[in-house]
Amino acid sequence: MEHHASIMSDWVLLGLIAALVTLLLLTVFGFAVYSGLFTEVVVSAGSPPVGNITLAYKFRVGPYGESGQLFTDGCSISSKLYSIGVYYDNPHTVPPEKCRFAIGRILSEGDAKPSEEQIKRFQKYGFKIFSFPAPSHVVMATFPFTTPLSIHLAVNRVHPALDIYIKERKLCAHPRIEIYKEDRIYFVCPLARQGDFYVPEMKELERKSRAAAAEAEDAQTDITGADTMSETSSISIEATTDSRDTSVATSILLPFPASRGREEVDNRSEHSYSESGASGSSFEELDLEVTGDGEGAPGLLPEVGYTGNQEVTDKWTKEPIAAERGEE
């Protein structure tokens, strides 16, 4: 009897353990589902979900994983305000240490003005103040924001969906803006006037980058010109014994430097980055959400960026995203 009782107690214990493990797995699964595990990601283009905003932000250059601490810094100053993140580079093509982003809190929306007390409080802790205008048209998506796990799920599901949508329609849509508002995360990619969403630090980095690129091109042009002049002089000296050869050599060689210079200028123009996005007139594949006041209609897209066959990979356009960001 005692032996049978011992066996029964062992089975009961194993049954309890199995029940607890099953209950734990169901709890984890339910938590993941509640966080948005099976939420369908719908990407669309049209009028933005937000208007013009004033934000307090901190700008950083480095891995996007470091954004979590900046979110925490902003939340510790005021937990009632909505968080915002602006990501300027594609972490799939740009090294993590060179990615640029701004993280902060939204101080006011629309016609409302932020209070002086709020501004001074954030400035005291190293935040800067900047305003974004209301974007005219955007590529956007939303995701539930119910738990901290929602952030990781959103990063790994929404950004790849945005990449596919933008690539298929050959759009110029950047930077990536994330707005954490109540129980939703809004992903917004402006289609026009992207430079208006560059904070001053980002604009300065872009200016320096362009200046450095221009200097490098000028230096290369000078070297090429000097080499060409040297070759021309050499041929001219050798051709003094034969005036006909000199005439032929000169007529063939002299146009090359000028022609090459024009080609280089045309090439720079074709591939240069414009803050307002690449221009175009074909938007047949762009499906817009039409709102009650008529905004978002296809006929209202004169300024939408369109890249055609132009490849732009470093500012959130083509490649899938694999990097995760820190939690708020």
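Sequence positions, counted from 1, serve as the residue numbers for this chain.
- In this structure a side-chain-to-backbone donor-acceptor pair under 3.5 Å is missing from D89 to P91.
- Looking at L25 and F29, their side chains never come closer than 4.5 Å, going by heavy atoms from C-beta outward.
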Quiz prompt | Intermediate values then yes/no, salt bridge (Lys or Arg N to Asp or Glu O under 4.0 Å), D163 and R176 | solution = CA-CA 11 Å; D163 290 328; R176 296 283 170 91; 2.6 Å; yes
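- Here C172 contributes atom SG and I166 contributes atom CD1; the two are 9.0 Å apart, rounded to the nearest 0.5 Å.
- The side-chain hydrogen bond (donor to acceptor under 3.5 Å, both in side chains) check on T146 picks up S150, with sequence neighbours excluded.
- Within the 3.5 Å criterion, the main-chain N or O of G68 finds a donor-acceptor partner in the side chain of T72.
- Looking only at side-chain heavy atoms (C-beta outward), D183 and P144 stay at 4.5 Å or farther from each other.
- Between H174 and Y198, some side-chain heavy-atom pair lies under the 4.5 Å cut-off.
- Ring centers of F127 and Y57: at least 6.0 Å apart, outside the cut-off.
- By the 4.5 Å heavy-atom criterion applied to side chains, F132 and V199 are counted as neighbours.
- Checked for salt-bridge contact, K128 and E201 meet the test: a charged N lies under 4.0 Å from a carboxylate O.
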Exercise. Please report the C-alpha distance between K181 and E109 in whole Å, then the side-chain angles of each, then the deciding distance to 0.1 Å, and finally whether the side chain to side chain contact (heavy atoms under 4.5 Å, CB included) criterion is met.
Key: CA-CA 12 Å; K181 194 172 185 180; E109 296 183 61; 3.3 Å; yes
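- Less than 6.0 angstrom separates the ring centroid of H159 from the ring centroid of F187.
- Between S131 and the choices D196, N52, T54, the side chain to side chain donor-acceptor pair (under 3.5 Å) rule is met once, by T54.
- For the pair R169 and Y165, the cation-pi criterion (under 6.0 Å, within 45° of the ring axis) is fulfilled.
- Counting only heavy atoms from C-beta outward, the side chains of L13 and I17 approach each other to under 4.5 Å.
- Not counting sequence neighbours, R184 has no partner by the salt bridge (Lys or Arg N to Asp or Glu O under 4.0 Å) test.
- Residue L37 is grouped with residue F145 when hydrophobic side chains (ILVMFWY) are merged at heavy-atom distances under 4.5 angstrom, including chains of intermediate members.
- Taking CD1 from I84 and CD1 from I103, the interatomic distance works out to 9.0 Å, rounded to the nearest 0.5 Å.
- Rounding to the nearest 0.5 angstrom, the gap separating the CG atom in D73 from the NZ atom in K58 is 4.5 Å.
- The hydrophobic cluster containing L16 also includes V12, under a criterion of side-chain heavy atoms closer than 4.5 Å among ILVMFWY residues, counted directly or through chains of members.
- At least one donor-acceptor pair under 3.5 Å links the side chain of R157 to the backbone N or O of G36.
- There is a path of hydrophobic side-chain contacts, each under 4.5 Å, that joins I185 to F38.
- Counting only N and O atoms by type, the side chains of E182 and Y82 include a donor and acceptor under 3.5 Å apart.
- We find that E206 and K203 are not joined by a salt bridge, their nearest charged nitrogen and carboxylate oxygen being 4.0 Å or further apart.
- Minimum heavy-atom separation, V61 to R100: CG2-CG, 3.9 Å.
- Among residue pairs with one or both ends in residues 16-43, those qualifying as side-chain hydrogen bond (donor to acceptor under 3.5 Å, both in side chains) are S35-T147; sequence neighbours excluded.
- In this structure, OH in Y186 is found 10.0 Å from CE in M140, a value given to the nearest 0.5 Å.
- Note that SG of C189 and CD of E178 are 9.5 Å apart. Values are rounded to the nearest 0.5 Å.
- Taking the six-membered ring for Trp and the full ring otherwise, Y180 and F71 have centroids separated by under 6.0 Å.
- The aromatic ring centroids of F101 and Y64 lie less than 6.0 Å from each other.
- With contacts defined as side-chain heavy-atom distances shorter than 4.5 Å, the pair Y125/S76 does not qualify.
- Taking the side chain as every heavy atom from C-beta outward, R207 and M202 never approach each other to under 4.5 Å.
- Applying the side-chain contact (heavy atoms from CB on, under 4.5 Å) test to E117 and every residue at least two apart in sequence or in another chain returns S115, R121.
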Quiz item: Do V158 and V43 pass the side chain to side chain contact (heavy atoms under 4.5 Å, CB included) test, and can you show the C-alpha distance, the side-chain angles, and the key distance before you say yes or no?
Solution: CA-CA 8 Å; V158 177; V43 181; 5.8 Å; no
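- Linking ILVMFWY residues whenever their side-chain heavy atoms come closer than 4.5 Å, directly or via other members, leaves I77 and I106 in distinct clusters.
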Quiz item: side chain to side chain contact (heavy atoms under 4.5 Å, CB included) between C99 and Y88: does it pass, once the steps are laid out?
Solution: CA-CA 7 Å; C99 289; Y88 296 103; over 6 Å; no
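- Applying the side-chain hydrogen bond (donor to acceptor under 3.5 Å, both in side chains) test to Q123 and every residue at least two apart in sequence or in another chain returns nothing.
- With contacts defined as side-chain heavy-atom distances shorter than 4.5 Å, the pair L55/I129 does not qualify.
- One hydrophobic cluster, built from ILVMFWY side chains closer than 4.5 Å, holds both L162 and L153.
- Taking hydrophobic clusters as Ile, Leu, Val, Met, Phe, Trp and Tyr residues chained together by side-chain heavy-atom distances below 4.5 Å, F122 does not share a cluster with I179.
- The distance from the OG atom of S83 to the CZ atom of R105 is 3.5 Å, given to the nearest 0.5 Å.
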